[in-house]
Number of protein chains: 2
Amino acid sequence: MLLAKSTENAIQLIIYLIRHADNDYIRVKEIAEQCNISFFILSKIAQKMIKAGILESYTGPNGGIKLVKNPSDIQLIDVVQSIEGTDVLDKCILGFEHCGEMNPCAVHQHWKEAREVILNMFEGKTLKEIIDIDELKEVYSV
Amino acid sequence: MLLAKSTENAIQLIIYLIRHADNDYIRVKEIAEQCNISFFILSKIAQKMIKAGILESYTGPNGGIKLVKNPSDIQLIDVVQSIEGTDVLDKCILGFEHCGEMNPCAVHQHWKEAREVILNMFEGKTLKEIIDIDELKEVYSV
DNA sequence: AACATTTAAGACTTATGATTCCTAAATATA
DNA sequence: TATATTTAGGAATCATAAGTCTTAAATGTT
Ligand code: SF4
Ligand code: SF4
């Protein structure tokens with residue numbers, strides 16, 4: 001499993017937020033219902049992203065959560081790291097101790113290539129680009 | 001984390017086996033010591049790979065485990081699947097229910113590309129190729 | 001001020017994987 | 001046959017992640 005389940009949920013939450021953003025706060029309960037995720041789980045996840053500076057919240061009636069920055073100023077990696085910590089993809093595919101470029105294990109170069117692509121997926125695109133529905137329509141002609 | 005820790009250990013075990021293969025059975029204890037992995041853990045992992053038909057074992061003095069097939073006839077994906085099950089990379093990066101090519105979620109195409117590369121790493125190369133030290137020397141000029 | 005709504009935060013339980021331990025079975029060797 | 005070696009396999013423990021619940025704090029509405 002590449003991503004933890006809570007990170008999957010975090011991405012779903014973000015996608016929902018972007019698609020329903022209209023400068024108002026959106027209730028976590030609404031997102032939980034629409035995305036079919038437990039409210040309790042989602043509110044914990046939201047809290048992590050708030051601490052990471054991705055979301056802000058407002059307590060009370062008409063309250064909820066919303067994005068702090070513009071979707072085009074957030075990378076997917078920011079979301080991933082806000083949940084899983086900053087060293088998700090620093091880790092290697094094997095557990096060898098004294099390794100790396102100078103003393104590579106047998107799969108080093110292969111894993112390096114794959115990680116490059118994964119990183120590119122997480123860093124190369126902003127949330128705006130990733131979530132852009134028109135782009136998807138073009139590709140899949142839906 | 002892409003791979004479970006036990007899968008990391010499985011790959012380490014396989015690498016050791018290939019590099020020390022001389023048609024004899026190799027004791028799990030020896031591998032455990034050399035790879036610095038708990039013997040108990042490694043013997044469980046070995047049992048899984050035996051059930052998957054990758055290794056065979058022999059009980060008693062001079063016993064141990066060895067590869068069933070030639071390293072050039074085994075794909076890395078076989079090792080991974082023997083430990084984690086066959087649907088490791090079938091799963092999607094998100095948890096959406098009704099999705100896929102016809103109804104792609106917002107990151108479908110990006111994850112598809114990355115998964116392609118990972119699969120290629122696991123399926124495209126045989127263990128022989130991956131473990132080949134000369135190939136590594138060439139690339140890293142070690 | 002009283003009440004309803006909504007996030008905040010911690011406690012608690014459950015599920016899953018990692019790790020360790022122990023006994024049995026197989027088999028070579030003396 | 002007795003003994004030492006080595007895998008087989010289950011039981012038990014520990015760690016971490018996932019999921020649930022409960023109470024507190026903030027704040028708009030009446
Ligand atoms: S040599 Fe490279 S692939 Fe191998 S364990 Fe080290 S960092 Fe990972
Ligand atoms: S649409 Fe594609 S990327 Fe999205 S959840 Fe489904 S299979 Fe995964």
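Per chain, numbering begins at 1; letters A, B, ... match sequence-line order.
Rounded to an integer number of Å, the gap from CD1 of B:Ile31 to P of D:dT7 is 8 Å. Here the P atom of nucleotide D:dT7 and the CG atom of B:Leu55 are 12 Å apart, to the nearest Å. As a whole-Å value, the separation of A:Ile65 CD1 from C:dT5 C1' is 16 Å. One interatomic measurement links the two molecules: NZ of A:Lys29 to P of C:dT5, which rounds to 9 Å at whole-angstrom precision. One can place OH of B:Tyr25 at 12 Å from C1' of C:dT27, the figure rounded to the nearest angstrom. For the pair A:Lys66 NZ and C:dT6 C1', the computed distance is 16 Å after rounding to whole Å. In this structure, A:Phe39 places its CZ atom 12 Å from C1' of D:dT22, rounding to the nearest Å. In this structure, CD of A:Glu8 is placed 15 Å from P of D:dA17, rounded to the nearest angstrom.
Scored by the side-chain contact (heavy atoms from CB on, under 4.5 Å) test, A:Ser38 finds A:Phe40, A:Ile41 as partners (sequence neighbours excluded). Under the side-chain contact (heavy atoms from CB on, under 4.5 Å) criterion, A:Lys29 pairs with A:Arg27, A:Glu33, A:Phe39, not counting sequence neighbours.
Listed candidates were C:dA8, D:dT7, C:dT19. Nearest to the side chain of A:Ile50 is C:dA8.
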Distance-only criterion, 3.5 Å: show the donor-acceptor pairs between side-chain atoms of residues 67-76 of chain A and protein atoms not counting sequence neighbours.
| from | atom 1 | to | atom 2 | distance (Å) |
| --- | --- | --- | --- | --- |
| A:Asn70 | OD1 | A:Ser72 | N | 3.1 |
| A:Asn70 | OD1 | A:Ser72 | OG | 2.8 |
| A:Gln75 | NE2 | A:Glu123 | O | 3.2 |

Please output the side-chain donor-acceptor pairs of residues 51-66 of chain A that fall under 3.5 Å, not counting sequence neighbours, one pair per line with the distance.
| from | atom 1 | to | atom 2 | distance (Å) |
| --- | --- | --- | --- | --- |
| A:Lys66 | NZ | A:Asn23 | O | 3.4 |

Identify the pairs formed between an N or O of the protein and an N or O of nucleotides 9-17 of chain C at a distance under 3.5 Å, and give each distance.
| from | atom 1 | to | atom 2 | distance (Å) |
| --- | --- | --- | --- | --- |
| C:dG10 | O6 | A:Lys44 | NZ | 2.8 |

N/O-N/O pairs, protein side and nucleotides 24-29 of chain D side, under 3.5 Å:
| from | atom 1 | to | atom 2 | distance (Å) |
| --- | --- | --- | --- | --- |
| D:dT27 | O4' | A:Thr59 | O | 3.4 |
| D:dG28 | OP1 | A:Tyr58 | OH | 2.1 |
| D:dG28 | O3' | A:Asn62 | ND2 | 3.3 |

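In this structure a side-chain-to-backbone donor-acceptor pair under 3.5 Å is present from A:Glu129 to A:Thr126.
Residue A:Tyr25 is not grouped with residue A:Val28 when hydrophobic side chains (ILVMFWY) are merged at heavy-atom distances under 4.5 angstrom, including chains of intermediate members. Under the 4.5 Å side-chain contact rule for hydrophobic residues, A:Val80 and A:Ile18 share a cluster. By the rule that hydrophobic residues join a cluster once side-chain heavy atoms approach within less than 4.5 Å of another member, A:Ile26 and A:Ile50 end up as members of one cluster.
Considering every non-hydrogen atom in both B:Ile45 and B:Ala10, the closest pair reads CG2-CB, 3.7 Å.
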